[in-house]
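These notes are about the structure you will find just below.
Whatever order the structure lists ligands and atoms in, that order sets their numbers, starting from 1.
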Amino acid sequence: MIQLLNSNGAFLSSDDTLIQDACTRAGIHIGVWSLEDLAHVEGDAILASNDVQALALEAVKTPLGELKSRFGYQYEDIVGLTPQTPNLDGILNAFRPEHHHEDDEVRVILHGAGIFGFVPPVGDAFELVVQKGDWIVVPAMTRHYFYLTDAQTIIALRVFKESPKWEAIY
Ligand SMILES: [Fe+2]
């Protein structure tokens with residue numbers, strides 16, 4: 001379930017209407033998938049094994065197909081960050097400052113959690129905690145930043161068009 005935080009990371013709400021209002025102001029799209037079919041898949045196993053990744057993709061086939069056709073995406077892959085990730089601090093330091101990309105940043109959270117921050121043109125800045133089952137579409141050119149919760153673990157499906165341009169532009 002997505003949670004709304006203020007720009008200092010303090011909890012504000014898990015109310016759907018408030019969260020949707022904030023997302024509309026920032027021009028981003030969110031939603032939730034039921035990932036019960038993934039309940040037996042340990043998060044770290046998703047990263048470690050191609051077979052488990054295939055299983056995870058099979059489990060989300062229907063909602064993934066809907067998301068791809070809604071936004072015109074063609075491909076997906078699975079990525080993750082854990083405390084064991086080499087150069088984790090360096091990677092996080094690249095995502096933490098406000099930036100944008102030339103293509104949409106789409107993440108479906110399969111395990112763990114992450115926090116996206118937004119400074120919309122109107123209204124208060126806010127952050128969203130995304131956790132297992134949540135998805136987020138940050139459209140191209142939308143300013144945002146990203147960091148991890150204390151558990152420092154996130155495994156997510158990335159969904160994209162051909163040759164995505166995900167270089168962070170600060
Ligand atoms: Fe980004």
Side-chain angles (χ1 to χ4, degrees), residues 1-12 19-33 35 43 46-47 53 56-57 60 63-64 67-68 70-170:
M1 181 200 274
I2 294 177
Q3 293 178 359
L4 182 66
L5 313 180
N6 69 17
S7 58
N8 295 319
F11 177 81
L12 285 179
I19 293 172
Q20 194 53 62
D21 284 352
C23 291
T24 301
R25 278 195 291 114
I28 60 172
H29 308 277
I30 54 161
V32 183
W33 293 356
L35 291 186
I46 299 177
L47 281 187
Q53 290 201 8
L57 288 172
V60 301
L64 175 60
L67 186 75
K68 285 163 75 176
R70 175 175 167 189
F71 293 99
Y73 304 129
Q74 289 163 288
Y75 303 100
E76 65 279 335
D77 64 7
I78 293 175
V79 292
L81 297 170
T82 73
Q84 284 74 45
T85 301
N87 189 32
L88 179 64
D89 286 345
I91 294 168
L92 293 176
N93 285 342
F95 299 152
R96 187 68 179 82
E98 196 184 316
H99 63 273
H100 66 267
H101 310 278
E102 291 180 356
D103 281 317
D104 297 2
E105 180 170 335
V106 187
R107 299 290 183 272
V108 182
I109 315 309
L110 303 177
H111 179 80
I115 300 170
F116 283 89
F118 301 93
V119 185
V122 277
D124 294 336
F126 66 93
E127 298 182 349
L128 294 177
V129 185
V130 288
Q131 319 182 55
K132 183 176 178 176
D134 300 332
W135 61 262
I136 182 165
V137 172
V138 181
M141 313 311 287
T142 305
R143 301 291 287 172
H144 64 278
Y145 57 89
F146 176 83
Y147 62 102
L148 292 179
T149 64
D150 290 345
Q152 293 201 308
T153 299
I154 189 166
I155 297 171
L157 198 58
R158 297 192 297 190
V159 190
F160 49 95
K161 296 168 188 166
E162 215 161 346
S163 306
K165 296 189 185 74
W166 284 328
E167 189 190 341
I169 300 164
Y170 300 105

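For the pair Asp103 and Lys165, the tightest heavy-atom approach, listed with the atom from each and the gap, is OD2-N, 2.7 Å.
Between His99 and Tyr170, the angle of the ring planes goes over 60°, which puts this pair in the perpendicular group of the 30/60° scheme.
Here Arg143 pairs with Glu98 under the salt bridge (Lys or Arg N to Asp or Glu O under 4.0 Å) rule; sequence neighbours left out. Residues forming a side chain to side chain contact (heavy atoms under 4.5 Å, CB included) with Gln20 (at least two apart in sequence, or on another chain): Cys23, Thr24, Ile30. When the side chain to side chain contact (heavy atoms under 4.5 Å, CB included) test is applied to His29, the partners found at least two apart in sequence or on another chain are Arg70, Phe71, Trp135, Val137, Pro139.
Considering only heavy atoms from C-beta on, Tyr147 stays 4.5 Å or farther from Phe95 through its side chain.
Among protein atoms, those of element N, O or S found less than 2.8 Å away from the Fe ion (ligand 1) are His99 NE2, His101 NE2, Glu105 OE1, His144 NE2.
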